[in-house]
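First up is the structure itself, then whatever we jot down about it.
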2 protein chains.
Amino acid sequence: MVKSKTQELDHIFHALSDPTRRSILRDLGKREKTVGEIARPYRMSLAAISKHLKVLELARLIDRRKAGSHQFVRLNPETLKTAEEWISYYEQFWNERLEALRNLLEIEGGTDG
Amino acid sequence: MVKSKTQELDHIFHALSDPTRRSILRDLGKREKTVGEIARPYRMSLAAISKHLKVLELARLIDRRKAGSHQFVRLNPETLKTAEEWISYYEQFWNERLEALRNLLEIEGGTDG
DNA sequence: TTTAGATTTAACCATGTGGTTGAATATATC
DNA sequence: GATATATTCAACCACATGGTTAAATCTAAA
């Protein structure tokens, strides 16, 4: 079953709302890593990291590649584009409005010392 | 107490992870609105909307302006910049790596039919 | 085929989330 | 002051989240 755009955004933003998960994404920037490697720097259990990876995977922020007994986890930067697009679209939209508002306030408030 | 950058991102992304809250942000793009106005199109209670607004406020995605018995809620687009900056920073970083990876794969896989 | 290593699953726990309803708290108006 | 309107707060509920430990699964290697 294909996720709706809405669900997709739900999952992406939810995945990004946890500092451990953002940290994992940062760690994966350098290169792909195994689950064990990813977990090492953190003080929580491997099972906890495994859960975090599942959340990141549901959001499609990461991909996995099985390699024998272990597996490599790597980023899927395409997905971040989805979030960024949402944000920048609305930001632009809002900034236009905001600018109109600022102009209004300038007229009302004046710049007279 | 001032929020850390990390907590700030936690709150912003968490706020954005709910479809009702994203919808509210969209609605506020047109103009500032009262709580009642915001709530009207939704089928949930006013109290539920009030809670959502609190989440958006904690993330500083909205501001409030008291005006007698009611109050006006408006966007704070500056905050979205924080999220966008995080995303675009890492996206750019990752895309560089990804491009390097793609080049590698091309070399390995070749383009020979 | 046992054994060791890598990872996930299951069961559990405390706390958070998103909703409800009903009472409480302003504030404007009569 | 009494009353209607706008909004929040409190208590509650079902379910999700983020963590734990222990058992299960899969693979590699002895």
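Just so you know, these numbers use all the heavy atoms, side chains as well, and skip hydrogens, waters and symmetry mates. Residue numbers begin at 1 in each chain, while the letters A, B, ... track the order of the sequences. These numbers were taken from a predicted model, which means no experiment stands behind them.
Among C:dT8, C:dG18, D:dT7, the nucleotide with an atom closest to any side-chain atom of A:Val35 is C:dT8. Closest approach to the A:Gln71 side chain among C:dG19, C:dT8, D:dT20 is made by C:dT8 (side chain taken as heavy atoms from C-beta onward). Between C:dG18, C:dT20, C:dT7, one nucleotide has an atom nearer to the side chain of B:Met44 than all others, and that is C:dT20. For B:Ser45, whose side chain is taken as the heavy atoms from C-beta onward, the closest listed nucleotide among D:dT20, C:dT20, C:dT9 is C:dT20. Residue A:Ser50 has its side chain nearest to C:dT9 when only C:dT9, D:dT7, D:dT20 are considered. Side-chain proximity of A:His52 to the nucleotides D:dG19, C:dT8, C:dT20 is greatest for D:dG19. Residue A:Leu46 places its side chain closer to C:dT8 than to any other of C:dT8, D:dT7, C:dT20. When each of C:dT21, D:dT21, D:dT17 is scored by its nearest atom to the side-chain atoms of A:His14, the top-ranked nucleotide is D:dT17.
Proximity of B:Arg21 to the phosphate of C:dT17: no side-chain N or O atom is located under 4.0 Å from OP1 or OP2. Residue A:Lys54 places at least one side-chain N or O closer than 4.0 Å to OP1 or OP2 of C:dT9.
When rounded to the nearest whole Å, the span between CG of A:Asp18 and C1' of C:dT17 equals 15 Å. Put simply, CG on A:Leu58 is 16 Å from C1' on C:dT8, counting in whole angstrom units. The distance from atom CG of A:Leu56 to atom P of C:dT7 is 16 Å, rounded to the nearest whole Å. Atom CG in A:Asp10 sits about 11 Å away from atom P in D:dT17, given to the nearest Å. Atom-to-atom, CZ of A:Phe72 to C1' of C:dT7 comes out at 14 Å; the value is rounded to the nearest Å. Between the P atom of C:dT21 and the NZ atom of B:Lys51 lies a distance of 12 Å, rounded to the nearest Å. When rounded to the nearest whole Å, the span between NE2 of A:His11 and P of D:dA16 equals 11 Å. In this structure, NZ of B:Lys66 is placed 10 Å from P of C:dA26, rounded to the nearest angstrom.
When each of A:His70 and A:Val55 is assigned the nucleotide of DNA chain D bearing its nearest heavy atom, the one mapping closer to the 5' terminus is A:Val55. Of the two residues near DNA chain D, A:Arg43 and B:Ala47, the one whose nearest nucleotide lies more 5' is B:Ala47.
A:His11 pairs in a side chain to side chain contact (heavy atoms under 4.5 Å, CB included) with only one of the listed residues (A:Thr82, A:Thr79, A:Val55, A:Leu58), which is A:Leu58. Checking each of A:Arg64, A:Arg65, A:Lys66 against A:Gln71 for a side chain to side chain donor-acceptor pair (under 3.5 Å) leaves exactly one that passes, namely A:Arg64.
A salt bridge between A:Arg31 and A:Glu37 is present, with a side-chain N of the basic residue lying under 4.0 Å from a carboxylate O of the acidic one.
Although no hydrogens or angles enter the test, the distance criterion places a donor-acceptor pair under 3.5 Å between the side chain of B:Ser88 and the main chain of B:Glu84.
In this pair, A:Phe13 and B:Phe13 present their aromatic rings parallel. The plane angle is below 30°, not in the 30 to 60° band.
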